[in-house]
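Written out below as structure tokens is the structure these notes cover.
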Amino acid sequence: MEEPGQLKRAFIDATAGAIAGGISRTITSPLDVIKIRFQVQLEPTSSWALPHGGVYGPSKYTGILQATKDIYREERLRGFWKGNVPALLMVMPYTAIQFTVLHKLKTFAAGSSKSEDHIQLSPYLSYLSGALAGCAATVGTYPFDLLRTILASQGEPKVYPSMRSALVDILKTRGFQGLYAGLTPTLVEIIPYAGLQFGTYDTFKRWTKGWNHLRYGQPNGSPSDDSLSSFQLFLCGLAAGTCAKAVCHPLDVVKKRFQIEGLQRHPKYGARVESHAYKNMWDALRGIVQAEGWAGLYKGIVPSIIKAAPAGAVTFVAYEYTSDWLESILT
């Protein structure tokens, strides 16, 4: 099969990335909603994670099962997909930009646009390419990420009935720069997160191909000849998503706090994050630890990892198959 031209290659990467991101985001939305509710809750999210001196009142959510039951009882099934529209508006262009930039960087580094040649890149180049691609995608789609967080963090009764009402209120109370609240910790988070996610994914793929080679012998006609099985791709994506999320979760908590800082919140969901509660990212990290203990930096870590693992797996598998399908019909 001949290599597609640059524009065609970019179209394939962008389309496959957008489709993969949309599928992954919709499937994992319930876990994302639960994770965000935990992250923006100042009160403890479990019975053992008590803050020093009992600074806050009773907790609305104290565990995944309890939160699931509570959200379903109060908001029914639709509550688990709150914020999914701005999330899709964020995720689809995000993954489109991310995979397009990633492929361009890897093509530049490898001197070839073929995916099989990209696997041979050193782990350092894989990590660097992933980090730069993540930064480009984050800056391009951040306002939708902020709106997704705000809509997903509210319960019933809604403070913002629609994405438009949330957008108008942010512009009125914070100004245009309010759409980029929390961008700094997001970029600080996305560099190691995207680097780890794509770097470890390539590493796991390389290891799995090596394992296939040992298992099946010489690759001529064997399953390791051209590609990994869908199950192997799924496992590689699962491992990559888990590793990245486990390392970077505290910065994600800080980002969410900045995103909802000073915005309205119904009293039954606990204390809200007041305006200018944190001076900067380091002050936020220190403030969370002082008020909520070290456990405060890991609020939502369980649903986050449960979500990140299948989300990463579904994204990578959907991207690989969609990309191959588009390439087969366009070249």
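Between the CG atom of L146 and the NZ atom of K256 there is a distance of 10.0 Å, given to the nearest 0.5 Å. In this structure, OG in S165 is found 9.0 Å from NZ in K158, a value given to the nearest 0.5 Å. Atom-to-atom distance recorded for I71:CD1 and K60:NZ is 9.0 Å, nearest 0.5 angstrom. Once rounded to the nearest 0.5 Å, the distance linking CG of L128 with CD1 of I191 reads 10.0 Å. Atom OG1 of T28 is separated from atom NZ of K307 by 5.0 Å, given to the nearest 0.5 angstrom. Between atom CZ of residue R174 and atom OG of residue S275 there is a gap of 7.5 Å, rounded to the nearest 0.5 Å.
Residue V101 is not grouped with residue M90 when hydrophobic side chains (ILVMFWY) are merged at heavy-atom distances under 4.5 angstrom, including chains of intermediate members. Connection of V254 to L196 is not established within any shared hydrophobic cluster, with ILVMFWY side chains joined at heavy-atom distances below 4.5 Å, either directly or through further cluster members. Hydrophobic clustering of Ile, Leu, Val, Met, Phe, Trp and Tyr side chains at less than 4.5 Å, counting indirect connections, keeps V247 apart from L285. No continuous path of ILVMFWY side-chain contacts below 4.5 Å connects L105 to L7, so the two sit in separate hydrophobic clusters. Transitive grouping of hydrophobic side chains (ILVMFWY, heavy atoms separated by less than 4.5 Å) brings I34 and L42 into a common cluster.
One N or O on the side chain of E261 and one on the backbone of A277 form a donor-acceptor pair closer than 3.5 Å. A donor-acceptor distance shorter than 3.5 angstrom exists from the side chain of Y142 to the backbone of A181, with no hydrogens or angles considered. Panel note: side chain S24, backbone G21; no donor-acceptor pair is recorded below 3.5 Å. Side-chain atoms of S59 come within 3.5 Å of backbone atoms of P44 as a donor-acceptor pair (strictly under, hydrogens ignored). In this structure, K299 contributes its side chain and Q41 its backbone to a donor-acceptor pair below 3.5 Å.
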* Asked: Checking side-chain contact (heavy atoms from CB on, under 4.5 Å) for the pair T138/L183: CA distance, chi angles, key distance, verdict?
  -> CA-CA 8 Å; T138 297; L183 179 61; 4.2 Å; yes

* To do: List the steps and the verdict of side-chain contact (heavy atoms from CB on, under 4.5 Å) for Q259 and V40.
  => CA-CA 9 Å; Q259 288 180 329; V40 302; over 6 Å; no

* side-chain contact (heavy atoms from CB on, under 4.5 Å) between T184 and L187, intermediate numbers included -> CA-CA 5 Å; T184 299; L187 289 175; over 6 Å; no

* **CA sep, side-chain torsions, deciding dist, call: R37, E74, salt bridge (Lys or Arg N to Asp or Glu O under 4.0 Å)** => CA-CA 14 Å; R37 299 286 175 94; E74 296 178 352; over 6 Å; no

* **Worked verdict on L251 versus Y193 for side-chain contact (heavy atoms from CB on, under 4.5 Å)** => CA-CA 10 Å; L251 289 169; Y193 181 78; over 6 Å; no

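Listed here is the closest heavy atom pair of I170 and L147: CD1-CD2, 3.8 Å. Contact detail for S29 and F80: the closest heavy-atom pair is OG-O, 2.9 Å. Summarising the geometry of A152 relative to V33, their closest heavy-atom pair is O-CG1, 4.1 Å, with the distance given to 0.1 Å. Minimum heavy-atom separation, I301 to A246: CD1-CA, 4.5 Å. Nearest heavy atoms, A87 versus R25: CB-NE, 3.2 Å. In terms of heavy-atom proximity, Y319 sits nearest to A20 at N-CB, 3.6 Å.
Looking only at side-chain heavy atoms (C-beta outward), L102 and K106 come within less than 4.5 Å of each other. Annotation: side chain of F99 is not in contact with side chain of T15 (no heavy-atom distance under 4.5 Å). Using a 4.5 Å heavy-atom cutoff, the side chains of Y160 and L151 are in contact. Here the side chains of W81 and T26 are in contact, with some heavy-atom distance below 4.5 Å. Counting heavy atoms from C-beta on, the side chains of L167 and L179 come closer than 4.5 Å.
Side-chain contact, R9 with S323: a donor N or O sits under 3.5 Å from an acceptor N or O. No donor-acceptor contact under 3.5 angstrom links the side chains of Q232 and T208, judged on distance only.
Ring orientation note: the planes of F234 and F231 are close to parallel, at an angle under 30° on the 30°/60° scale. Note on ring orientation: taking the six-membered ring where Trp is involved, the planes of F38 and Y61 are perpendicular (angle over 60°, cut-offs 30° and 60°). Between F258 and Y278, the angle of the ring planes goes over 60°, which puts this pair in the perpendicular group of the 30/60° scheme.
Under a cut-off of 6.0 angstrom, the local environment of CZ in F11 is sparse, with at most 12 non-hydrogen atoms contributed by other residues, nucleotides or ligands. At most 12 non-hydrogen atoms from other residues, nucleotides or ligands lie less than 6.0 angstrom from CZ of F144.
For the pair R76 and Y72, the distance from NZ or CZ to the six-membered ring centre is under 6.0 Å and the angle to the ring normal is within 45 degrees.
Taking the charged nitrogens against the carboxylate oxygens, K205 and D202 have no contact shorter than 4.0 Å, which rules out a salt bridge.
Considering T141, L89, D145, L88 as possible partners of Y94, the one that fulfils the side-chain contact (heavy atoms from CB on, under 4.5 Å) test is T141.
Checked against salt bridge (charged side-chain N to carboxylate O under 4.0 Å, His left out), K35 has the following partners two or more places apart in sequence or in another chain: D32, D252.
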